Asks: 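Just passing along the structure, written as structure tokens.
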Amino acid sequence: MRSEERAGIVFAVMFFLWGTVVCDPFRIFARYLIRVSDRAFGYIGMPGIVSSILMTVLICLLTLLLLKISGTRFVIFIPCAIAAACLGGFTVWGFVKGEVYVPEAIVLAIPVIILIVLYLLKTDKILTWIADVYIFSLPLALITYLITYPLSKTFPQAANFLYINRNCDVDLMAPFNGLAGIPGFVWGIFFLVIAALPIIYVTLGRRKGASNGR
């Protein structure tokens, strides 16, 4: 299967599952990135509009970087690196706060255990699929942060069927809401289109790596 075909399948399946518990580890990965960035930009006094743009750019650039890596033999290390980083970040933050949220700890620990088993079994093809799941969790998160969550803020009744927003608590378009008389989610559509173009381009350009079974 070509890498772009696999990417399309992964994205489509994850889109429909994004609001379910199945995607919790991947949603947490994206949420950590946004929260850390938001805290960092807030600490240095970054204006809200600039902060939202930079966080969108950050997610886009990280997606592009991971897509480039996924076109090499190092693709199988992407899931391990991300899962370990998330669990490590959660552990450090737990020590800092002096408390541990057990459900989230379990959600982050399970992927690490599964990945260790897959590495021991040397299932490179499965690891390549999982790498794409982690990679495309970022543009999926952008859909919620830029469009669906801001949409539910503008139209509260929409929250009843936008299950994709489950556990989403960051409205990246809040600083843009009402700017030039335009709702935040409309601005979000504009930013998402701009971010999606290079991601689609790089996705379609990924080479087929013989060493990782793609």
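Because only heavy atoms are used, hydrogens play no part in the values below, and waters and symmetry mates are left out as well, while side chains stay in. Keep in mind that this is a model prediction, so the values were computed, not measured.
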Asks: Val186 and Phe190: side chain to side chain contact (heavy atoms under 4.5 Å, CB included), yes or no, with the steps?
Replies: CA-CA 7 Å; Val186 177; Phe190 171 73; over 6 Å; no
Asks: With rounding to the nearest 0.5 Å, note down the distance linking CD1 in Ile113 to CD1 in Ile106.
Replies: 10.0 Å
Asks: Rounded to the nearest 0.5 Å, what separates atom CG in Leu115 from atom CG in Leu127?
Replies: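 Rounded to the nearest 0.5 Å, the CG-CG separation comes out at 6.5 Å.
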Asks: Which heavy atom in Ala109 sits nearest to a heavy atom in Leu87, and how many Å separate them?
Replies: N-CD1, 4.3 Å
Asks: Between Phe77 and Tyr119, how do the two ring planes meet: parallel, tilted or perpendicular, split at 30° and 60°?
Replies: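 Rings of Phe77 and Tyr119: parallel, under 30°.
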Asks: Is the closest side-chain donor-acceptor distance between Asn165 and Thr148 under 3.5 Å?
Replies: yes
Asks: So does Arg6 pair up with Asp132, basic N to acidic O under 4.0 Å?
Replies: yes
Asks: Would you say that Met173 contacts Phe191 through its side chain, given a criterion of any heavy-atom pair below 4.5 Å between the two side chains?
Replies: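 Met173 vs Phe191: side chains touch.
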Asks: At their closest point, which heavy atom of Ser51 faces which heavy atom of Asp38, and how far apart are they?
Replies: OG-OD1, 4.2 Å
Asks: Please determine whether residues Leu64 and Val10 belong to a single hydrophobic cluster, defined as Ile, Leu, Val, Met, Phe, Trp and Tyr linked transitively by side-chain heavy-atom distances below 4.5 Å.
Replies: yes
Asks: Determine, using the 4.5 Å side-chain heavy-atom cutoff (strictly less than), whether Ile76 and Val117 are members of one ILVMFWY cluster.
Replies: no
Asks: If only atom types and distance count, is the side chain of Trp187 paired as donor or acceptor with the main-chain N or O of Gly178 below 3.5 Å?
Replies: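 Not a single qualifying donor-acceptor pair exists.
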Asks: Quick one: does Ile147's side chain get under 4.5 Å of Leu192's, heavy atoms only?
Replies: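 A side-chain contact exists here, since the closest heavy-atom pair is under 4.5 Å.
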Asks: I'd like to know if Leu58 and Met46 are part of one continuous hydrophobic network [Ile/Leu/Val/Met/Phe/Trp/Tyr, side-chain heavy atoms within less than 4.5 Å].
Replies: no
Asks: Check whether any side-chain heavy atom of Phe155 sits under 4.5 Å from a side-chain heavy atom of Phe185, and report yes or no.
Replies: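 Contact flag for Phe155/Phe185 side chains = yes.
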Asks: Write down the atom of Cys23, the atom of Met14, and the distance for their closest heavy-atom approach.
Replies: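 Reported closest heavy-atom pair: SG-O, 4.3 Å.
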Asks: How many angstroms lie between atom CD1 of Ile199 and atom CZ of Phe11, to the nearest 0.5 angstrom?
Replies: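 Ile199 atom CD1 to Phe11 atom CZ measures 9.0 Å (nearest 0.5 Å).
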Asks: Are the side chains of Phe15 and Ile143 in touch, meaning some heavy atoms are under 4.5 Å apart?
Replies: yes
Asks: Are Ile135 and Phe74 joined in one hydrophobic group, where the rule is that I, L, V, M, F, W and Y side chains link up if heavy atoms are under 4.5 Å apart?
Replies: yes
Asks: Would you check if Tyr32 and Trp93 make a side-chain contact, meaning some heavy-atom pair closer than 4.5 Å?
Replies: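 Not touching, per the 4.5 Å side-chain cut-off.
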Asks: Using every non-hydrogen atom in the two residues, find where Pro150 and Thr144 come nearest and quote the distance to one decimal.
Replies: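 Closest approach of Pro150 to Thr144: CD-O, 3.4 Å.
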Asks: Could you check if a side-chain atom of Phe176 sits within less than 4.5 angstrom of a side-chain atom of Ile53, using non-hydrogen atoms only?
Replies: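 Heavy-atom side-chain distance check passes, below 4.5 Å.
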Asks: Verify whether the ring centers belonging to Tyr101 and Phe90 lie closer than 6.0 Å.
Replies: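 No, the ring of Tyr101 stays outside the 6.0 Å limit from the ring of Phe90, centre to centre.
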Asks: Of Thr63, Val13, Thr203, Leu66, which meets side chain to side chain contact (heavy atoms under 4.5 Å, CB included) against Phe136?
Replies: Thr203
Asks: Can you tell if the side chain of Pro111 reaches within under 4.5 Å of the side chain of Phe29, non-hydrogen atoms only?
Replies: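 Answer no - side chains too far apart.
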Asks: Report the distance from atom CG of Leu140 to atom OH of Tyr145, rounding to the nearest 0.5 Å.
Replies: 11.5 Å
Asks: Rounded to the nearest 0.5 Å, how far apart are CG of Leu62 and CG of Leu138?
Replies: 5.5 Å
Asks: Of the non-hydrogen atoms in Ala12 and Phe16, which two are nearest, and what is the gap between them?
Replies: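 For Ala12 and Phe16, the tightest heavy-atom pair comes out as O-CD1, 3.1 Å.
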Asks: So, the side chain of Thr123 versus the backbone of Leu118: is there a donor-acceptor pair under 3.5 Å, distance only?
Replies: yes
Asks: Before giving the answer on side chain to side chain contact (heavy atoms under 4.5 Å, CB included), spell out for Val112 and Leu108 the whole-Å C-alpha distance, their side-chain angles and the decisive distance to 0.1 Å.
Replies: CA-CA 7 Å; Val112 173; Leu108 293 175; over 6 Å; no
Asks: Leu172 versus Ile34: any side-chain heavy-atom pair under 4.5 Å?
Replies: yes
Asks: What about Ile130 and Ile9, same hydrophobic cluster or not, with Ile/Leu/Val/Met/Phe/Trp/Tyr joined at side-chain heavy-atom distances under 4.5 Å?
Replies: yes
Asks: Would you compute the distance between atom CZ of Arg39 and atom CD1 of Ile44 and round it to the nearest 0.5 angstrom?
Replies: 15.0 Å
Asks: Begin with the C-alpha distance, continue with both residues' side-chain angles, and end with the deciding distance and a verdict on side chain to side chain contact (heavy atoms under 4.5 Å, CB included) for Asn177 and Lys153.
Replies: CA-CA 10 Å; Asn177 194 34; Lys153 289 294 185 179; over 6 Å; no
Asks: Ignoring hydrogens, what is the shortest heavy-atom contact between Cys60 and Ala195? Give both atom names and the distance.
Replies: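 Residues Cys60 and Ala195, closest heavy atoms: SG-O, 3.6 Å.
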Asks: Would you check, one step at a time, whether the test side chain to side chain contact (heavy atoms under 4.5 Å, CB included) holds for Arg166 with Val21?
Replies: CA-CA 9 Å; Arg166 179 174 172 268; Val21 295; 3.4 Å; yes
